[in-house]
**Student:** 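The structure under discussion is supplied below as structure tokens; questions concerning it will follow.
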Amino acid sequence: MTAKSPKTVTLRFIETSDVHGAFFPYDFIERRPMRGTMARVSTYIQKQRQQYGQNVILLDNGDILQGQPTCYYTNYVNTSEPNIAAQVLNYLRYDAEVFGNHDIETGHKVYDKWIRDLHCPILGANVIDRKSGKPYTEPYLILERQGVRIAVLGMLTPAIPNWLNESIWSGMYFEEMVGCARKWVKTLREKEQADIIIGVFHSGWDGGIKTPDYDEDATRRIALEVPGFDVIFFGHDHRARHDVINGVLCLDPANNAVNVAQATLKVSITEQPRGQRHVEVIDKKGAIVDITAEDIDQQYVRHFQPQIDSIRAFVDQQIGTFQTTMLSRDAFFGPSPFIDYIHELQLQHTGADVSFNAPLQFNTVIQAGPVYMSDMFKLYRYENKIYVLRMTGREILGHLEFSYDQWVNTMQSPDDHILLLNDNEQSDQQRLGFRNLTFNFDSAMGIDYEVDVTRPNGHKVRILQFTDGRPFHLDQWYRVVMNSYRGNGGGELLVRGAGIPFDSIPSRIVYMSDLDQRHYLTDRIRQAGTVAPRAHNNWRFVPEEWATPAILRDRKYLFKE
């Protein structure tokens, strides 16, 4: 018996990642049409299914449960219905979902319900149940398409403990990704007899947090060090990427449903004597596809119109009035009403000595006048809680030095930039022209201090005194309030800046709020009725003769003012 002529099968894989609640054509925060939306992705998917039929494999790579009021409403307000993120994926008939770190951040009650609501499996090979020692959900999915056996392996960045309190992921732990991938590829090849292995990793390309035990962003390492993958879809870092390493096609669509990542594989199958088969990928193409040119799927919108109407009613609630306009961009150049109003809330809510806070928005405006629930998602984007930690004055100083070293340039002349900018990062949806991540640009309130932009890193900050006139002592203990991301070690300011060993951070926490920061801010505005946010001007860049004109130049550079 001779081998039959080979059969060719074409498979089309499509990945979304870091959708962050961009389900509908309307941005409920900014109150305007949304550029990226799953309503356009729906149109694109329909076209692909018309061409490739059941050979379209649709995958989502996590971070879908946070980012828009849509998510907050379904996660915490209207919890009796299926989670809207599950409803969207079910409607579009996704084949698999993968955990993202912002999905874990919602807490067991939310993400366990989301898992139950989904019609497709959630994959997490390195998300391990402590009791059983096995993956908390399915580690992989096996699909068969026209005789091709496909394995989809999902993994999540193991850096979760650096950002989230253990109560949020209780009963779980996170294996490092390279060793985990190596173990499961062996299983998929030998036990499952997979012809094709697809990785779907909620982990960026490279960089991020690196410890002796794991890398936050491990995709590049896996492509280099773990043979066996045909395609790796990834995300988490919000940076579109199309690369090939060791023959492995690596694709990241970035965020907010603006793009999809797409891989097209042509597979040759030859039936051989005694039931054996020879399967070979004979062609492999990848693409990052801009979805924004697609028409909005009106049938999709009509299907979800009741949910859209409920979200709109939720965000249209007036909760108070602002007497002044607040711009998030002001936070990069000195004290600002936008940041200082949050500082005020943190200090008043906890009675702490010092408050740390960083801008979570790059360029948003809350206008003077009526304040709506939608504005609260501008003022505070994420569902962080409020923490108070015990820190020495020396640790507070080190924390601020590390923050400003990421934030401001060491000016060599009056003509230099005052901010650390990077022209090559303009397309990065997290840095937006800065060299580093702006949500790690902590300023402080409760103390008066100066930041000398002519001084070298580690020597820029000079703390003068407490704002109430008390002397500030480097060797004295103080209570410091911050959000839960920072208080769990996020951004490494506590570790690399303050010098607090990571494993000792939990022992420093003396207060954790029950509810999220936005809840307390909303209550404060409701109770006050009319609010006049102001900058407290407790810190400044010096020398002013260099800083002031440099600020004007960099504002114009970043914001075209």
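Computed from a prediction, not measured in an experiment: that's the story for all the values here.
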**Student:** Show the numbers, then the answer: is there a side chain to side chain contact (heavy atoms under 4.5 Å, CB included) between V258 and I291?
**Tutor:** CA-CA 6 Å; V258 172; I291 298 300; over 6 Å; no
**Student:** Does any N or O in the side chain of S513 come within less than 3.5 Å of the main-chain N or O of K385, such that one atom is a donor and the other an acceptor?
**Tutor:** no
**Student:** Just to verify, which of N55, T264, L265 counts as forming a side-chain contact (heavy atoms from CB on, under 4.5 Å) with T10?
**Tutor:** T264
**Student:** If you measure from the Lys or Arg side-chain nitrogens to the Asp or Glu carboxylate oxygens, is any gap between E383 and R518 under 4.0 Å?
**Tutor:** yes
**Student:** Around atom NZ of K210, are there more than 12 heavy atoms of other residues, nucleotides or ligands at under 6.0 Å?
**Tutor:** yes
**Student:** Could you check N440 against Q406 for side chain to side chain donor-acceptor pair (under 3.5 Å), going step by step and ending with a plain yes or no?
**Tutor:** CA-CA 8 Å; N440 290 326; Q406 297 182 81; 4.5 Å; no
**Student:** Between the main-chain N or O of P306 and the side-chain N or O of S310, is there a donor-acceptor pair closer than 3.5 Å?
**Tutor:** yes
**Student:** May I ask you to check whether N61 and E15 show a side-chain donor-acceptor distance below 3.5 Å?
**Tutor:** yes
**Student:** Do NZ/NE/NH1/NH2 and the carboxylate oxygens of K47 and D295 come within less than 4.0 Å?
**Tutor:** no
**Student:** If you define the side chain from C-beta out and look only at heavy atoms, does anything of L141 sit under 4.5 Å from L143?
**Tutor:** yes
**Student:** Nearest 0.5 Å please: distance from the CH2 atom of W184 over to the CD atom of E175.
**Tutor:** 9.0 Å
**Student:** Taking atom CG as the centre, does D309 end up with more than 12 heavy-atom neighbours from other residues, nucleotides or ligands that are less than 6.0 angstrom away?
**Tutor:** yes
**Student:** Report yes or no: do D290 and T292 form a side-chain donor-acceptor pair below 3.5 Å?
**Tutor:** yes
**Student:** Take atom CD of Q46 as the centre, draw a 6.0 Å sphere, and report whether it contains more than 12 heavy atoms from other residues, nucleotides or ligands.
**Tutor:** yes
**Student:** Is a side-chain donor-acceptor pair under 3.5 Å present for Q68 with D27?
**Tutor:** yes
**Student:** With a sphere of 6.0 Å drawn around CD of Q299, does it hold more than 12 non-hydrogen atoms of other residues, nucleotides or ligands?
**Tutor:** no
**Student:** Thinking salt bridges, do R221 and D215 make one under a 4.0 Å N-O criterion?
**Tutor:** yes
**Student:** Among N83, T70, T106, which one satisfies side-chain hydrogen bond (donor to acceptor under 3.5 Å, both in side chains) with N75?
**Tutor:** N83
**Student:** Please answer whether the main-chain N or O of Q66 pairs with a side-chain N or O of H20 as donor and acceptor at a distance below 3.5 Å.
**Tutor:** yes
**Student:** Counting N and O atoms only, with roles assigned by atom type, does the side chain of D217 sit under 3.5 Å from a partner on the main chain of G204, one being a donor and the other an acceptor?
**Tutor:** yes
**Student:** For the pair E97 (side chain) and G62 (backbone), establish whether a donor and an acceptor sit closer than 3.5 Å, ignoring hydrogens and angles.
**Tutor:** yes
**Student:** Restricting to non-hydrogen atoms, name the atom on A261 and the atom on L251 that form the minimum distance, rounded to 0.1 Å.
**Tutor:** CB-CB, 3.8 Å
**Student:** Does some side-chain heavy atom of P25 sit less than 4.5 Å from a side-chain heavy atom of I296?
**Tutor:** yes
**Student:** I'd like to know if R239 and D206 make a salt bridge, using a cut-off of under 4.0 Å between side-chain N and carboxylate O.
**Tutor:** no
**Student:** Examine distances only and state if a side-chain atom of Q87 and a backbone atom of P82 form a donor-acceptor pair shorter than 3.5 Å.
**Tutor:** yes
**Student:** Quick one: does any side-chain atom of N165 pair with a main-chain N or O of I168 as donor and acceptor, under 3.5 Å?
**Tutor:** no
**Student:** After noting the C-alpha distance and the side-chain angles of R149 and Q193, does the key distance pass the side chain to side chain donor-acceptor pair (under 3.5 Å) rule?
**Tutor:** CA-CA 8 Å; R149 192 165 171 82; Q193 298 293 301; over 6 Å; no
**Student:** Answer yes if the side chains of T16 and Y94 hold a donor-acceptor pair under 3.5 Å, and no otherwise.
**Tutor:** yes
**Student:** Using the six-membered ring wherever Trp is involved, compare the ring planes of Y26 and F28 and label them parallel, tilted or perpendicular (cut-offs 30° and 60°).
**Tutor:** perpendicular
**Student:** Can you tell me how far apart CZ (F439) and CZ (F362) are? Round to the nearest 0.5 Å.
**Tutor:** 14.0 Å
**Student:** Checking side-chain polar atoms at under 3.5 Å, does Y73 have a donor or acceptor matched by the opposite partner on Q307?
**Tutor:** no
**Student:** Nearest 0.5 Å, please: how far is CG in L59 from CG in L123?
**Tutor:** 8.5 Å
**Student:** Taking N90 for its side chain and D117 for its backbone only, find out whether a donor-acceptor pair lies under 3.5 Å.
**Tutor:** yes
**Student:** Within the supplied structure, the quantity of interest is the number of heavy atoms (other residues, nucleotides, ligands) at a distance under 6.0 Å from Q54 CD; does it exceed 12?
**Tutor:** no
**Student:** Do the non-hydrogen side-chain atoms of I269 and E271 ever get within less than 4.5 Å of each other?
**Tutor:** yes
**Student:** Give, for atom OG of S42 and atom CD of E294, the distance between the pair rounded to the nearest 0.5 Å.
**Tutor:** 10.0 Å
**Student:** Working note: K131 + D129, criterion salt bridge (charged side-chain N to carboxylate O under 4.0 Å, His left out); need CA distance, chi angles, decisive distance, verdict.
**Tutor:** CA-CA 6 Å; K131 287 184 179 179; D129 185 310; over 6 Å; no
**Student:** Ignoring hydrogens and geometry, is there a side-chain-to-backbone donor-acceptor pair from S484 to I386 under 3.5 Å?
**Tutor:** no
**Student:** Does N256 reach the side chain of V19, with side-chain heavy atoms less than 4.5 Å apart?
**Tutor:** no
**Student:** Quick one: do R189 and D230 satisfy salt bridge (charged side-chain N to carboxylate O under 4.0 Å, His left out)? Show the steps, please.
**Tutor:** CA-CA 12 Å; R189 289 295 186 198; D230 295 282; 3.7 Å; yes
**Student:** Dump the intermediate steps for side chain to side chain donor-acceptor pair (under 3.5 Å) on D516 and Y72, then the final yes or no.
**Tutor:** CA-CA 11 Å; D516 64 272; Y72 187 84; 3.2 Å; yes
**Student:** So does Q262 get a backbone contact from the side chain of R12, meaning a donor-acceptor N/O pair under 3.5 Å?
**Tutor:** no
**Student:** So does R277 pair up with D195, basic N to acidic O under 4.0 Å?
**Tutor:** yes
**Student:** Are side-chain heavy atoms of E176 and N126 found at a separation under 4.5 Å?
**Tutor:** no
**Student:** Does any non-hydrogen side-chain atom of M177 lie less than 4.5 Å from one of F201?
**Tutor:** yes
**Student:** Can Y136 and D112 be said to form a side chain to side chain donor-acceptor pair (under 3.5 Å), step by step?
**Tutor:** CA-CA 10 Å; Y136 188 76; D112 286 341; 2.8 Å; yes
**Student:** Hey, are D442 and S403 close enough side-chain-wise for a donor-acceptor pair under 3.5 Å?
**Tutor:** no
**Student:** For the pair W169 and F174, name the ring-plane relationship: parallel under 30°, tilted 30 to 60°, perpendicular over 60°.
**Tutor:** perpendicular
**Student:** How are the rings of H236 and W163 set relative to one another: parallel (under 30°), tilted (30 to 60°) or perpendicular (over 60°)?
**Tutor:** tilted
**Student:** As an exercise, state the distance from CD1 of I14 to CD of Q48, rounded to the nearest 0.5 Å.
**Tutor:** 4.5 Å
**Student:** CD1 of I128 to OG1 of T137: how many Å apart, nearest 0.5 Å?
**Tutor:** 9.0 Å
**Student:** Side-chain contact, heavy-atom cut-off 4.5 Å: Y140 with L188?
**Tutor:** yes
**Student:** Tell me if the NZ atom of K7 is crowded by more than 12 foreign heavy atoms within 6.0 Å.
**Tutor:** yes
